[in-house]
Amino acid sequence: GNIVIAIDPGHGGSDPGTHGPHGLDEKVVTLSIAKMLAKKIDRTPGLTAFLTRVSDHYVGLRQRVLEAHDHHAALFISIHANAYPRVPRVKGGAVYALSEHGASNAEARLLARTENAADPTIGNIKFATHNREVNSALSHMLQRASIANGTDLGKDVLRHLSHYEPLYEHHVQYANFEVLRDPLIPSILIETAFLSNPHQARELHELHFREELANAIYLGIREFLEHHDLRPTQVVSTQRPRKTATDHPVQPGHNQKTTPGMTYRVRPGDTLSGVALRLHVSE
């Protein structure tokens, strides 16, 4: 049952990221903020945090996303610190979602994975066997739903970041970052502050400021979840008093026999044909 939030501290190990005055590395800042955010999430009933790295070591970009899949993450939050050394006065936070170009690349990659698979089940989503047209449409819909949710999440996070620091960008930006290219998990990349700005670099040295940034991200996640139901799908009976249906979660990709009076709650990413296939009913 819990909603899993994947938190990705940018860089790590041999990849320090950008540098600030007095030797502060981005990889240190991102891991610190990520751990603070994870604690807040784990203390929240119904939520569980997963960190793509918990120490100073490097994890490949694609591996971070794959591990989020393995932990059944419903959201993916990548945390970074910005830099623009040529103009040190630049400051503030920004949030990125996947660009249209990146979305096209991700769709193509997902479609290629389904073409020759004996069992084309990816991320618990059941794709069609040897039907490129169906899989292409499904990939497109999943990617669009993921980007839409990522944009909504980014707006909520930006709103709360503005309470603690100026914003470098007041609207969600779009970029082709590798960690955002996943059609099945709504994802955002957060540039928390500018290490190249002397004032913000001093702030990032302080645990209090990192805690404020973590709190802003947390509040943005909470606000997003209040308006987007990401809980596991439930199948419940509408007949009383005789119970004829199971009340256990139905996970996408797992077939379940229907019974009279059964109600199926649609979840983001569902398709009519996919629901019918899982529940052994006609469209």
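- Atom CG of L75 sits about 5.5 Å away from atom CG of L153, to the nearest 0.5 Å.
- Using the six-membered ring where Trp is involved, H160 and H163 have ring planes that are perpendicular, over 60° apart on the 30 and 60° scheme.
- Residues D56 and K27 are paired through a salt bridge, judged by an N-O separation under 4.0 Å between the basic side chain and the carboxylate.
- Of the charged side-chain nitrogens involved, none lies within less than 4.0 Å of a carboxylate oxygen, so that K39 and D42 do not count as a salt-bridged pair.
- Side-chain contact between T48 and I5: absent, with no pair of heavy atoms (C-beta onward) separated by less than 4.5 Å.
- At distances below 3.5 Å, at least one donor-acceptor pair connects side-chain atoms of R53 with backbone N or O atoms of P9.
- Of all heavy-atom pairs spanning A74 and I3, the tightest one is CB-CG2, 3.8 Å.
- A donor-acceptor contact shorter than 3.5 Å is absent between the side chain of E191 and the backbone of A94.
- T30 places a side-chain N or O within donor-acceptor distance of the main-chain N or O of G10, the cut-off being under 3.5 Å.
- Under the 4.5 Å side-chain criterion, counting only non-hydrogen atoms from C-beta, K155 is not in contact with I188.
- Listed by chain and number, the residues in a side chain to side chain contact (heavy atoms under 4.5 Å, CB included) with S196 are A83, Y84, P85, F194 (sequence neighbours excluded).
- Between T192 and A81 the shortest heavy-atom distance is OG1-CA, 3.9 Å.
- Looking at heavy atoms from C-beta onward, T52 lies out of side-chain contact with V65 at the 4.5 angstrom threshold.
- In the hydrophobic clustering of ILVMFWY residues, with side-chain heavy atoms under 4.5 Å counting as a link, F50 and V179 come out apart.
- Contact record, D8 with S78: OD2-OG, 2.7 Å, taken as the closest heavy-atom pair.
- Here the closest heavy-atom approach between residue P88 and residue P198 is recorded as O-CD, 3.6 Å.
- Counting only distance, with no hydrogens or angles, the side chain of T18 and the backbone of N82 share no donor-acceptor pair below 3.5 Å.
- Taking CG from L98 and CZ from R144, the interatomic distance works out to 8.5 Å, rounded to the nearest 0.5 Å.
- Under the 4.5 Å side-chain heavy-atom criterion for grouping Ile, Leu, Val, Met, Phe, Trp and Tyr, I217 is connected to L47 within one hydrophobic cluster.
- Side-chain contact between I190 and L161 is present, with at least one heavy-atom pair separated by less than 4.5 Å.
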- Task: Decide yes or no on salt bridge (Lys or Arg N to Asp or Glu O under 4.0 Å) for E178 and R64, but give the supporting numbers first.
- Result: CA-CA 10 Å; E178 174 70 24; R64 298 170 192 243; over 6 Å; no
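- Proximity of a side-chain donor or acceptor of K35 to a complementary backbone N or O of V54 within less than 3.5 Å is detected.
- When atom types are taken as modelled, the side chain of S139 and the backbone of N135 share a donor-acceptor pair closer than 3.5 angstrom.
- Looking at residues two or more places apart in sequence or on another chain, you find a side chain to side chain donor-acceptor pair (under 3.5 Å) between E26 and H11, H80.
- In terms of heavy-atom proximity, L184 sits nearest to L142 at CD2-CD1, 3.5 Å.
- Here the straight-line distance linking atom NZ of K91 with atom NE2 of H199 works out to 6.5 Å at 0.5 Å rounding.
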- Task: Take L167 and L158, measure what side chain to side chain contact (heavy atoms under 4.5 Å, CB included) needs, and give me the verdict at the end.
- Result: CA-CA 8 Å; L167 295 180; L158 274 175; 3.9 Å; yes
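- Contact annotation: the side chain of L24 approaches that of V29 to within less than 4.5 Å [non-hydrogen atoms, C-beta and beyond].
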Show me, pair by pair, the donor-acceptor contacts under 3.5 angstrom made by side chains of residues 168-177, not counting sequence neighbours?
{"unit_1": "Q173", "atom_1": "NE2", "unit_2": "H171", "atom_2": "O", "d": "2.8"}
{"unit_1": "Y174", "atom_1": "OH", "unit_2": "T151", "atom_2": "OG1", "d": "3.0"}
{"unit_1": "N176", "atom_1": "OD1", "unit_2": "R181", "atom_2": "NE", "d": "3.0"}

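- Within the model, atoms OG of S99 and CD1 of I147 stand 7.5 Å from one another, a figure rounded to the nearest 0.5 Å.
- Following chains of ILVMFWY side-chain contacts shorter than 4.5 Å, one cannot reach M36 starting from I79, and the two form parts of different hydrophobic clusters.
- A donor-acceptor pair under 3.5 Å is formed between the side chain of D15 and the backbone N or O of G17.
- If you chain together hydrophobic residues whose side chains sit under 4.5 Å apart, L230 and I41 fall into the same group.
- For the atom pair CG (D25) and CG (L195), the distance works out to 8.5 Å, reported to the nearest 0.5 Å.
- The heavy-atom pair separating L213 from I33 by the smallest distance is CD1-CD1, 3.9 Å.
- Taking Ile, Leu, Val, Met, Phe, Trp and Tyr as members and joining any whose side-chain heavy atoms lie under 4.5 Å apart, directly or through other members, L66 forms no hydrophobic cluster with any other residue.
- With hydrogens and angles disregarded, a donor-acceptor distance shorter than 3.5 Å links the side chain of N197 to the backbone of Q200.
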- Query: Which is it for R202 and F209 under the side chain to side chain contact (heavy atoms under 4.5 Å, CB included) test, yes or no, and what are the steps along the way?
  - Reply: CA-CA 9 Å; R202 285 193 298 271; F209 184 58; over 6 Å; no
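- Although no hydrogens or angles enter the test, the distance criterion places no donor-acceptor pair under 3.5 Å between the side chain of H140 and the main chain of S136.
- Sequence neighbours left out, the pairs with a member in residues 209-218 that pass side-chain hydrogen bond (donor to acceptor under 3.5 Å, both in side chains) are S32-R210, K40-E211, T44-Y218, Y164-N215, H208-E212, Y218-R222.
- Partners of D182 according to the side chain to side chain donor-acceptor pair (under 3.5 Å) rule, which considers only residues two or more places apart in sequence or in another chain, are H69.
- A chain of hydrophobic side-chain contacts below 4.5 Å, direct or via other Ile, Leu, Val, Met, Phe, Trp or Tyr residues, connects L61 to L180.
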